[in-house]
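Owing to the predicted nature of the structure, the values given are computational and were not obtained by experimental measurement.
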Amino acid sequence: MATAKKTTGSAKKTSTVIKTAAKSLVPILSKAGDKFRLNPFKLEVLPKKTRYILIGIVCVVLLGIVLFINRGLFIAALVNGEPVSRIAIIGELEKQHGAEVITRLVDRKLILQEARKQNLSATQEEVDTKRKEIIKQVSSGNEENFQQILEAQGLTSEEFTQELRIQIVVEKMLSENTKVSDEEFNEFVSANPDLLANAENEEETRNQLREQLKQQKLQTQYTTWIEKLRKDADIVKLVSY
């Protein structure tokens with residue numbers, strides 16, 4: 001019996017030693033595992049040259065996908081598989097209308113700069129009022145027909161609104177020189193009696209005629225005014241058409 005107890009005590013002691021040794025080995029094995037564990041998805045474990053090659057391939061693939069999705073930004077059409085680039089179209093358009101377009105854009109810039117100097121702008125209410133007047137004149141107040149007219153001229157509603165704002169600002173800046181006096185209007189009516197002879201609404205017709213005279217004066221004043229702005233401005237054209 002004494003021998004059995006001695007054996008049991010020795011077994012317990014051996015077990016305790018093993019457990020203690022095992023515990024001491026855990027951090028060592030853990031570190032060793034971290035050191036030698038290989039993760040094929042970590043670029044750090046690959047040679048530097050291989051990493052650069054893989055990154056380059058990924059970038060090329062991503063760029064190819066982006067270009068394919070947005071190919072319409074560069075290619076306007078495909079003719080039996082051969083592309084017609086947008087650059088070619090832009091080049092043709094510039095040849096035909098480049099001078100006209102750049103002049104219009106330069107003039108717009110000059111107008112906006114002058115408006116800022118004079119602290120002038122077009123309010124939304126003024127734009128809406130002007131828009132209604134134009135719709136009434138060109139399409140008898142029909143909004144749908146007016147939209148069709150804009151589309152035929154290649155204008156969006158936003159572009160038309162922008163043009164209206166510029167027109168209103170110009171009218172404000174030239175208002176003193178575009179007023180139509182009663183004397184001027186009466187002389188015009190006397191020289192063109194037929195304009196009122198068959199008018200259904202004489203007062204409305206008079207207002208329309210006065211507005212026409214105002215627009216004529218505005219056009220004359222604008223031509224002189226914008227020419228002066230061009231002359232006084234520092235305009236550098238980097239492209240010749």
**Student:** Is the shortest heavy-atom distance from the side chain of Arg108 to the side chain of Glu163 under 4.5 Å?
**Tutor:**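 The answer is yes, as the side chains (C-beta and beyond) meet within the 4.5 Å cut-off.
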**Student:** Is Val170 reachable from Val127 through a run of hydrophobic residues whose side-chain heavy atoms are each under 4.5 Å from the next?
**Tutor:** no
**Student:** Is there a path of hydrophobic side-chain contacts, each under 4.5 Å between heavy atoms of I/L/V/M/F/W/Y residues, joining Ile111 to Ile235?
**Tutor:**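 Result: yes, single cluster for both.
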**Student:** Heavy atoms, side chains only, cut-off 4.5 Å: are Lys130 and Arg165 in contact?
**Tutor:**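 Side-chain contact under 4.5 Å: no.
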**Student:** Identify, with sequence neighbours excluded, every residue that meets side-chain contact (heavy atoms from CB on, under 4.5 Å) alongside Gln216.
**Tutor:** Leu213
**Student:** Look up atom CH2 in Trp225 and atom OG1 in Thr178, then write down how far apart they are to the nearest 0.5 Å.
**Tutor:** 12.0 Å
**Student:** Under the salt bridge (Lys or Arg N to Asp or Glu O under 4.0 Å) definition, can you give me all pairs with a residue in residues 209-226, not counting sequence neighbours?
**Tutor:** Asp182-Arg210, Glu184-Lys217
**Student:** Using side-chain heavy atoms (C-beta onward) and a distance below 4.5 Å, is Tyr241 in contact with Glu94?
**Tutor:**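 The answer is yes; the side chains approach within 4.5 Å.
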**Student:** Through direct or indirect side-chain contacts below 4.5 angstrom among Ile, Leu, Val, Met, Phe, Trp and Tyr, which residues connect to Val101?
**Tutor:**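 Traced through the cluster, Val101 reaches Leu105.
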**Student:** Give every residue pair that meets the salt bridge (Lys or Arg N to Asp or Glu O under 4.0 Å) criterion with at least one member in residues 137-146, sequence neighbours excluded.
**Tutor:**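 The answer is Arg131-Glu143.
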**Student:** Under the side-chain contact (heavy atoms from CB on, under 4.5 Å) rule, collect the residues that match up with Thr103, sequence neighbours excluded.
**Tutor:** Asp107, Arg230, Lys237
**Student:** Measuring from Lys231:NZ to Leu229:CG, what's the distance to the nearest 0.5 Å?
**Tutor:**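 Here the rounded value is 12.5 Å.
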**Student:** Do you reckon Val239 sits in the same ILVMFWY cluster as Leu110, going by side-chain contacts under 4.5 Å, direct or chained?
**Tutor:** yes
**Student:** Salt bridge (Lys or Arg N to Asp or Glu O under 4.0 Å) between Lys172 and Glu126: does it pass, once the steps are laid out?
**Tutor:** CA-CA 11 Å; Lys172 287 183 177 182; Glu126 289 171 333; 3.0 Å; yes
**Student:** First locate atom OH of Tyr222, then atom CD of Glu227, and finally report the distance between them rounded to the nearest 0.5 Å.
**Tutor:**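 Reported value, rounded in 0.5 Å steps: 10.5 Å.
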**Student:** When clusters are formed from ILVMFWY side-chain contacts under 4.5 Å, directly or step by step, what else is grouped with Leu238?
**Tutor:** Val236
**Student:** Report the residues that fulfil side-chain contact (heavy atoms from CB on, under 4.5 Å) with Ser175, sequence neighbours left out, ordered by chain and then residue number.
**Tutor:** none
**Student:** Would you mind reporting whether Asn186 and Glu183 have side-chain heavy atoms less than 4.5 Å apart?
**Tutor:**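 Result no, sub-4.5 Å side-chain heavy-atom pair not found.
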**Student:** Sequence neighbours left out, what passes side-chain contact (heavy atoms from CB on, under 4.5 Å) with Glu82? Give chain and number order.
**Tutor:**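 side-chain contact (heavy atoms from CB on, under 4.5 Å) check on Glu82 returns nothing, list empty.
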**Student:** Compile the donor-acceptor pairs under 3.5 Å between side chains in residues 113-122 and protein atoms, sequence neighbours left out, one pair per line.
**Tutor:**
residue : atom : partner : partner atom : Å
Glu114  : OE2  : Gln118  : NE2          : 3.1

**Student:** Could you see if Ile87 belongs to whatever hydrophobic cluster contains Leu93? Use Ile, Leu, Val, Met, Phe, Trp, Tyr and a side-chain cutoff under 4.5 Å.
**Tutor:** no
**Student:** Would you be so kind as to tabulate the donor-acceptor pairs closer than 3.5 Å made by side chains of residues 153-160, with sequence neighbours excluded?
**Tutor:**
residue : atom : partner : partner atom : Å
Thr156  : OG1  : Glu159  : N            : 3.1
Thr156  : OG1  : Glu159  : OE1          : 3.4
Glu159  : OE1  : Thr156  : N            : 3.0

**Student:** So which heavy atom on Leu78 is nearest to which on Ile75, and how close?
**Tutor:**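 Closest pair (atom of Leu78, atom of Ile75, distance): CD2-CG2, 4.1 Å.
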**Student:** Is the backbone N or O of Ile135 less than 3.5 Å from a side-chain atom of Ser139, with the two atoms forming a donor-acceptor pair by type?
**Tutor:**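 It does hold such a pair.
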**Student:** For Lys179, which residues count as a salt bridge (charged side-chain N to carboxylate O under 4.0 Å, His left out) partner, sequence neighbours excluded?
**Tutor:**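 Here the qualifying residues are Glu176.
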**Student:** Rounded to the nearest 0.5 Å, what separation is found between the OG1 atom of Thr161 and the CD1 atom of Ile166?
**Tutor:**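 Going from OG1 on Thr161 over to CD1 on Ile166, the span is 11.5 Å.
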**Student:** When rounded to the nearest 0.5 angstrom, what is the spacing between CZ in Phe146 and NZ in Lys136?
**Tutor:** 15.0 Å
**Student:** Distance alone, cut at 3.5 Å: any donor-acceptor contact between the side chains of Asn207 and Glu203?
**Tutor:**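 Asn207 vs Glu203: no donor-acceptor pair found between side chains.
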**Student:** Taking side-chain hydrogen bond (donor to acceptor under 3.5 Å, both in side chains) as the definition, give me every residue that meets it alongside Lys228, ordered by chain and number, with sequence neighbours left out.
**Tutor:**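 Result, side-chain hydrogen bond (donor to acceptor under 3.5 Å, both in side chains) vs Lys228: Asp232.
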**Student:** Between the main-chain N or O of Ile89 and the side-chain N or O of Glu92, is there a donor-acceptor pair closer than 3.5 Å?
**Tutor:** no
**Student:** Nearest 0.5 Å please: distance from the CD atom of Glu171 over to the CG atom of Leu164.
**Tutor:**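 It is 9.5 Å, given to the nearest 0.5 Å.
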